[in-house]
Amino acid sequence: IPELANSESQERLALEEYVERNKRVVTELYKALTSEQTQPLHGLVAQDLEWWFHGPPHHRHHLVPWLTGSSLPSAKALVPEHVVGFGPVVIAEGFDEAHLVWWVHAWTVSDDGLITQVKEYVNTSVTVTRLSQKVLPNASKSKCQCIWQSRLCDESVPGLILAI
C-alpha cells in the first residue's frame, strides 16, 4: 500500500510539473507577442497552428495581427489577467479596454512544448468542463464537472462550454 500511495504522489507531481511547463510556454508566448521581437515565436508555435474563432464577426481578427506580426496594436490589449492549465490545455483570459473586447484563448501545447492549437473566444463567456466516463461495469453515463469559468465578461455575452 505505501508503494501505491508513493506512485500516486509521483504521478500527481509529474502532472503538476507538466501543467506548469505548459503554462510557462503560454506565458512566454504572450511576452513574445507583446514585445517588438517576433523571433521568440518560432520556438513556441507550430508552423501549422490550428486556429478556431468564436465571437462577433467584426472581432474575428483580434488575435491574428499578433500571431502573424502583420501589425501590433496596443500591447496592453493582449496581457492575460488569468492563466490556468488543465493538462495540455492552457486557458488565458483578458480584456482589451480600447476595443471593449473580453477574450479567452484556449491553447493546446504538445508533449514537445510547441503550441499546436488556439481556440479564440471574443465577447463570449467560456465554461471549461471535464468529461469522464464512469468505470463501473454497467454504467453508460458520462460525468461532467465544471473546472473553470470566465470571470471578466458581463452577463450580456453568449456562453459556450469547452469540454476537455
Side-chain angles (χ1 to χ4, degrees), residues 7-35 38 40-57 59-69 75-96 99 101-135 141-155 157-164:
S7 173
E8 288 175 7
S9 174
Q10 289 173 343
E11 285 179 24
R12 190 173 24 251
L13 182 59
L15 178 61
E16 289 173 11
E17 289 172 357
Y18 174 66
V19 168
E20 285 304 313
R21 187 226 39 191
N22 292 342
K23 286 172 50 179
R24 275 193 308 275
V25 168
V26 170
T27 301
E28 287 300 314
L29 173 74
Y30 283 107
K31 286 180 186 174
L33 289 173
T34 57
S35 76
T38 57
L41 286 178
H42 299 296
L44 297 171
V45 179
Q47 287 184 341
D48 59 345
L49 177 72
E50 184 178 345
W51 173 64
W52 295 56
F53 175 83
H54 186 277
H59 290 301
R60 184 166 175 82
H61 298 290
H62 186 256
L63 182 61
V64 170
W66 284 284
L67 291 173
T68 62
K76 187 178 178 187
L78 202 61
V79 176
E81 291 191 32
H82 305 286
V83 177
V84 294
F86 308 100
V89 177
V90 177
I91 307 290
E93 179 182 33
F95 179 68
D96 177 351
H99 299 100
V101 172
W102 292 277
W103 54 266
V104 175
H105 300 148
W107 303 95
T108 301
V109 182
S110 67
D111 288 340
D112 59 356
L114 273 180
I115 295 173
T116 58
Q117 182 185 73
V118 60
K119 294 182 179 181
E120 179 181 18
Y121 303 93
V122 173
N123 289 355
T124 303
S125 174
V126 177
T127 300
V128 178
T129 303
R130 178 171 287 139
L131 296 177
S132 61
Q133 290 288 99
K134 292 187 177 179
V135 289
K141 293 186 178 183
S142 295
K143 187 173 106 175
C144 292
Q145 177 188 14
C146 174
I147 55 176
W148 184 85
Q149 283 187 285
S150 299
R151 298 182 201 159
L152 300 179
C153 62
D154 64 25
E155 301 82 34
V157 299
L160 285 176
I161 295 177
L162 175 63
I164 59 171

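One-based numbering along the sequence shown.
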dist Arg130:CZ -> Cys144:SG (nearest 0.5 Å) comes out at 12.0 Å

What closest approach, in Å, do Val19 and Gly87 show between heavy atoms, and which atom pair accounts for it? CG2-N, 3.4 Å

Where the side chain of Thr124 meets the backbone of Val122, is there a donor-acceptor pair that is under 3.5 Å apart? yes

Separation between CZ (Phe53) and NE2 (His59), nearest 0.5 Å, reads 8.0 Å

Tell me, do Glu11 and Leu15 make a side-chain contact under 4.5 Å, heavy atoms counted? no

Can you tell me how far apart NZ (Lys23) and CZ (Phe86) are? Round to the nearest 0.5 Å. 9.0 Å

Tightest non-hydrogen contact, residues Trp148 and Val126, listed as CZ3-O, 3.8 Å

Of all the heavy-atom pairs spanning Ile91 and Ala106, show the shortest one and how long it is. CD1-CB, 3.6 Å

Residue pair Val90 / Val83, side-chain heavy-atom distance below 4.5 Å: yes

Between CD on residue Gln117 and CH2 on residue Trp52, distance to nearest 0.5 Å: 6.5 Å

Within-4.5 Å side-chain heavy-atom neighbours: Glu120 and His54: no

Could you go through Ser150 and Glu93, starting from their C-alpha distance and side-chain angles, then the distance that decides it, and tell me whether this counts as side-chain contact (heavy atoms from CB on, under 4.5 Å)? CA-CA 7 Å; Ser150 299; Glu93 179 182 33; 3.3 Å; yes

Considering all heavy atoms, the nearest Leu114-Ala46 contact: CD2-N, 4.2 Å

Side-chain heavy-atom pair Tyr121, Leu162 within 4.5 angstrom cut-off: yes

With a 4.5 Å cut-off on side-chain heavy atoms, are Tyr30 and Pro80 touching? yes

Only residue of Leu49, Thr108, Val45, Leu29 satisfying side chain to side chain contact (heavy atoms under 4.5 Å, CB included) with Val118 is Leu49

Is there a donor-acceptor contact under 3.5 Å from the side chain of Asp96 to the main chain of Val101? no

Glu28 vs Leu44 side-chain heavy atoms within contact, under 4.5 Å: yes

Quick check for you: to the nearest 0.5 Å, what is the distance between Lys119 atom NZ and Leu63 atom CG? 14.5 Å

Please name the pair of heavy atoms, one in Val109 and one in Tyr18, separated by the smallest distance, quoted to 0.1 Å. O-OH, 4.2 Å

Less than 6.0 angstrom separating the ring centers of His105 and Trp103, yes or no? yes

Would you say that more than 12 heavy atoms from the other residues, nucleotides or ligands in this model lie under 6.0 Å from the CG of Asp111, or not? no

Report yes if some heavy atom in the side chain of Trp107 is under 4.5 Å from a heavy atom in the side chain of Val89; otherwise report no. no

Non-hydrogen atoms of Ser110 and Thr116 that approach each other most closely: CB-CG2, 3.9 Å

